[in-house]
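Atoms considered below: every heavy atom in the structure, side chains included; atoms not considered: hydrogens, waters and symmetry mates. Since the model is a prediction, treat every value here as computed from it, not as a measurement. To find a chain, count down the sequence lines: A is the first, B the second, and so on, and within it residues start at 1.
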There are 2 protein chains.
Amino acid sequence: MAQEGTSASPGYPAGTAAERSECRADRDPFQWDVREDCQVRQILDRIADKWSLLVIALLDEGTLRFGELSREIDGISKRMLTVTLRNLERDGLVRRTVYPEVPPRVEYELTSLGRTLLGTTQALVTWSEEHQDEIVRAREEFEAAAH
Amino acid sequence: MAQEGTSASPGYPAGTAAERSECRADRDPFQWDVREDCQVRQILDRIADKWSLLVIALLDEGTLRFGELSREIDGISKRMLTVTLRNLERDGLVRRTVYPEVPPRVEYELTSLGRTLLGTTQALVTWSEEHQDEIVRAREEFEAAAH
DNA sequence: CCGGATCCCTAATGATACTG
DNA sequence: CAGTATCATTAGGGATCCGG
């Protein structure tokens, strides 16, 4: 338990308070802060993650159990699903509810914060669907050009 | 040259034609295809990439040279910038122009296809900026709960 | 100045076995 | 069922040197 998660769990450089406050400073106004230790970068790294995007998009449909997510997301391992869900829970995007039954049941759903992300993630998915042909074509051309 | 790129270059399973055609099949209509070998998943993996997002967002401002990108994106190495740019070029999102001068000059800009992604990537960045406080708070609560 | 090719190391991820 | 712990693997990414 020392290198889990897309980023380390407790992590972040010690004294980030000062850095955080001047986070958006001394750059031209049209550009957002791209510094590595910036909140935005860290959040982006979590959201724009291979599995996180899929989980969020799936939870659009409503509450799902661990096993359901596991089956829906082709190729994810139990481990990565756990890690991904924990990170999302940690960031307040997903709520985890344990029902003290036997056999145990655990349900996941988007929080209201998580739901504010839905539009954007869906936009990404939609974009991918709409442009996959163009991209495939571009790849073929690129390959053909024998760069 | 055998393990570069966010995904392998020539890659993709051999006979994907059949799979591709039935790609969106036998699932409920409200759900997109999440299969690992699906185009959408592969494209998503490329777009939702730590560096790709940053590069695309930066190229919003216009044409940039390799060195400029390198300096703007805090923490990226020459190598990863090269790899990222080549992937984006390969997918037809970025155009690379070499000027046969000495010293050489290479410029990168979004293609029209790449520009169709801008709205979405910016939305992601904006979302992150707007909600960073909530997320930081959620993390602190989560940590406090000593889960 | 813009990268390509290599070497190398660490972090990320998969597989498996175990538990409440 | 829903994880956790451990081990093994590998792919991501940095450093460096080289060529155009």
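Considering only side-chain atoms of B:Tyr108, the nucleotide from C:dG14, D:dG3, C:dG3 that sits closest is C:dG3. Residue B:Ser77 has its side chain nearest to D:dG14 when only D:dG14, C:dC1, C:dC2 are considered. The side chain of A:Thr82 lies closest to D:dG3, out of C:dG14, D:dG3, C:dG4. Ranking D:dG13, C:dG20, C:dC1 by closeness to the A:Pro104 side chain, first place goes to C:dG20.
The side chain to side chain contact (heavy atoms under 4.5 Å, CB included) test with A:Leu110 singles out one residue from A:Leu58, A:Val55, A:Val94, and that residue is A:Val94. No option in B:Thr121, B:Leu117, B:Ile43 other than B:Leu117 meets the side chain to side chain contact (heavy atoms under 4.5 Å, CB included) test with A:Leu124.
Atom NZ in A:Lys50 sits roughly 11 Å away from atom C1' in D:dA11 (whole-Å rounding). Rounding to whole angstrom units, CG of residue A:Leu85 and P of D:dA2 are separated by 11 Å. Separating the CG atom of B:Asp74 from the P atom of D:dG14 is a distance of 11 Å, rounded to the nearest angstrom. Here C:dA15 presents its P atom at 14 Å from CG of A:Leu81, a figure rounded to the nearest Å. With rounding to whole Å, B:Arg105 atom CZ is found 10 Å from C:dC2 atom P. One can place CE of B:Met80 at 7 Å from P of D:dG14, the figure rounded to the nearest angstrom. In this structure, A:Arg71 atom CZ and D:dG3 atom P are separated by 13 Å, rounded to whole Å. Rounded to an integer number of Å, the gap from CG of A:Leu69 to C1' of D:dG3 is 14 Å.
Remark: B:Glu141 does not engage B:Arg139 in a salt bridge, criterion side-chain N to carboxylate O under 4.0 Å. Electrostatic pairing of B:Arg95 and B:Glu109 counts as a salt bridge here, judged by a charged N lying under 4.0 Å from a carboxylate O. Using a 4.0 Å cut-off between a side-chain N of Lys or Arg and a carboxylate O of Asp or Glu, B:Arg90 and A:Glu143 qualify as a salt bridge.
Between B:Arg79 and C:dT6 there is no side-chain N or O to OP1 or OP2 distance below 4.0 Å. An OP1 or OP2 oxygen of C:dG3 is reached within less than 4.0 angstrom by a side-chain nitrogen or oxygen of B:Arg96.
If you take CD1 on B:Ile47 and CD1 on B:Ile56, they are separated by 5.0 Å, rounding to the nearest 0.5 Å. Interatomic distance, CG of B:Leu69 versus OH of B:Tyr108, reported as 8.0 Å (0.5 Å rounding).
Where A:Ile76 and B:Arg65 meet DNA chain C, the nucleotide closest to each residue was compared, and B:Arg65 sits on the side nearer the 5' end.
Among the protein residues, A:Tyr99 comes within range of no part of the nucleic acid, since none of its heavy atoms lies under 4.0 Å from any strand.
When the local axes at the two ends of the helix from C:dC1-D:dG20 to C:dG20-D:dC1 are compared, using 5 base pairs at each end, they differ in direction by 50° after rounding to 10°.
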